[in-house]
There are 2 protein chains.
Amino acid sequence: MPTAILAHAESRPGGTSTGKGASLQQINISHESTDSTPVTVREHELVFAEGDAAHQRYDIVDGAVMLFRVLPDGRRQLVELLGPGDMFGLTCASEYDCSAETLVATRLRVSHRLDCSQVPAAICRMCGQLQKKVAELHEHSVVLGRKSAMEKVVSFLLRLASMDTGRRANGHVRLAMTRQEMADYLGLTIETVSRSLSELRRRGLIVFEKADWFHIPDAEAMESLSGDR
Amino acid sequence: MPTAILAHAESRPGGTSTGKGASLQQINISHESTDSTPVTVREHELVFAEGDAAHQRYDIVDGAVMLFRVLPDGRRQLVELLGPGDMFGLTCASEYDCSAETLVATRLRVSHRLDCSQVPAAICRMCGQLQKKVAELHEHSVVLGRKSAMEKVVSFLLRLASMDTGRRANGHVRLAMTRQEMADYLGLTIETVSRSLSELRRRGLIVFEKADWFHIPDAEAMESLSGDR
DNA sequence: CGAAAAGTTGATGGCTTTCAAGTCGTGTGG
DNA sequence: CCACACGACTTGAAAGCCATCAACTTTTCG
């Protein structure tokens, strides 16, 4: 596993993102760690990168931070804007799902992840649910903000398919939504959704049986249309 | 305070939303309440509406639920799609920030909101942060999915202004982001952001001093351009 | 002062929406 | 059983909004 910075530098070469002076900051912060004296981070420095091991949580004392994700072709979507009193890096996953960069000089309090072992299970479960929601909403922000109509529809169908995977052994997926609902989820019109589905059907990338059941013969091909590869 | 159903029926007359057979379900659920026997809700029924008092949390046993928000002119944005094992209605606010409707027949376990009084403060604070994030991401989904470029920019400036309110007595707000960052937040290009700002400046709706400080002379007028009125 | 970055403005094109007919599918009633 | 009606979906044509491409201006900073 490369360090945060290297991982970032390698994986997003063409990114619209930060670019410039790299981001040595993170390592420093990592080892300074868990007391309550704030760390100061200069303007436009990376705090952590998407994919980094999620060892810390951060508390903004003052300043401002943006969280963002970048698609492989460089399209970037900011998913959160944070200020004093806000926390970030709260994830139940082992890696951060997005990158964090300061907008202005910022003081951060760094702490270890909480472990839920002595917390009532109900609370713990709720936190997990909330963290999952946040991650999914980040993902959805990228879809809404930065993907084309076809990419949106493809991403949606792949998500449905992966949700159903495990439940249904064969790859047949129930599309239990009207076109209007799909459109309202993806920020499109009903006609655009319909046209996208028709084209996918024409190209053999999805196959419908019984109107609201479909399957994906070639997941590779679909993924190449999702904007995520 | 009207009941959930009435509130919904009144407040969103032109909505693209559910429309049809109304949503008596909610009241029933409300009073059946907090045991562990699941309640069954038929397809396309409203569980609760945006603005309803947030007394319950819901656990999906099986089925599927969508959470959505509707702008005053009827534009709708689905903000979450949920399935078995997912929870919803988790908010720290007193009212739900979006409506919940079943996609298919669904069994729900209903429970009261947890109170945080006997939970460690650190955990409680984290839950609060996560709930706030979820609410903000819902709001941002509406912006990304359903608003025009001008509405996006106006909504963003109003949000900045309201964040800074309290900190700065005069209405002067720091715009500590580049055009590229604003564009990447709003799902636009740098040129479109620039054009929108120029038009707002031309129309006297925002006034810049010192390049990254501005103020809003007429908040009413701005709000009427945000899509939220 | 000069160069580079950030921002603005104009012209053009394309993707998605809008408007308008269609077709399909399902449930009802003759 | 079939005709009909209604809603959901599909398809086409045209318009509009925003992205793209291309200068140009302003600001920043060495």
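Just so it is clear, the model here is predicted, and its values are computed rather than measured. The figures here come from the full heavy-atom set of this structure, side chains too, leaving out hydrogens, waters and symmetry mates. The chains referred to below are lettered A, B, ... by the order of the sequence lines, with proteins before strands, and numbering in each begins at 1.
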Review point. Hey, are the side chains of Met87(B) and Arg57(B) touching, using non-hydrogen atoms and a 4.5 Å cut-off?
Key: yes
Review point. Does a donor on one side chain sit under 3.5 Å from an acceptor on the other, for His138(A) and Gln77(A)?
Key: no
Check your understanding: Partners of Ser226(A) by side-chain hydrogen bond (donor to acceptor under 3.5 Å, both in side chains), sequence neighbours excluded?
Key -> none
Revision key, fill the gap. Residues in residues 191-200 of chain A with a heavy atom under 4.0 Å of DNA chain D, by number, are Glu191(A), Ser194(A), Arg195(A), Ser198(A)
Practice item. Whole angstrom is fine here: how far is it from CD in Glu43(A) over to P in dT28(D)? Key: 12 Å
Practice item. Before accepting this row, confirm whether a basic side-chain N of the pair Arg146(A)/Asp184(B) lies closer than 4.0 Å to the acidic partner's carboxylate O. Key: yes
Check your understanding: In chain order, what residues pass the ring pair (Phe, Tyr, Trp, His ring centres under 6.0 Å) check against Phe88(A), with sequence neighbours excluded?
Key -> Phe48(A), Tyr58(A)
Check your understanding: In whole Å, what is the span from the CE atom of Met182(B) to the C1' atom of dT8(C)?
Key -> 14 Å
Review point. Could you give the CG-to-C1' distance, from Asp73(B) to dT17(C), as a whole number of Å?
Key: 15 Å
Review point. Whole-Å distance between dG25(C) C1' and Leu175(A) CG?
Key: 16 Å
Practice item. Send over the distance from Gln180(B) CD to dA4(C) P, rounded to a whole Å. Key: 20 Å
Exercise for review: In whole angstrom, give the distance that lies between atom CZ of Arg179(B) and atom C1' of dT8(C).
Suggested key: 9 Å
Check your understanding: How long is the span from the OG1 atom in Thr178(B) to the CD1 atom in Ile190(B), to the nearest 0.5 Å?
Key -> 7.0 Å
Review point. Are any of the side-chain heavy atoms of Lys133(A) and Lys133(B) separated by less than 4.5 Å?
Key: no
Review point. So how far off straight is the helix from dC1(C)-dG30(D) to dG30(C)-dC1(D), going by the axes through five pairs at either end, to 10°?
Key: 30°
Review point. Between Phe214(B) (CZ) and dG7(C) (C1'), how many Å, whole number?
Key: 17 Å
Revision key, fill the gap. Residue pairs passing the salt bridge (Lys or Arg N to Asp or Glu O under 4.0 Å) test with at least one member in residues 195-206 of chain A, sequence neighbours excluded, are Glu199(A)-Arg203(A)
**Study point:** Pairwise salt bridge (Lys or Arg N to Asp or Glu O under 4.0 Å) hits with a residue in residues 215-229 of chain A, at least two apart
**Key:** Lys147(A)-Asp228(A), Glu223(A)-Arg229(A)
Study note, to complete from the structure: To the nearest angstrom, the CG-P distance between Asp212(B) and dT8(C) comes to 12 Å
Check your understanding: Which part of the nucleic acid does Thr189(B) contact within heavy-atom distance under 4.0 Å: base, sugar-phosphate only, or nothing?
Key -> base
Check your understanding: Just checking Leu188(A): base, sugar-phosphate only, or nothing, at a heavy-atom cut-off of under 4.0 Å?
Key -> sugar-phosphate
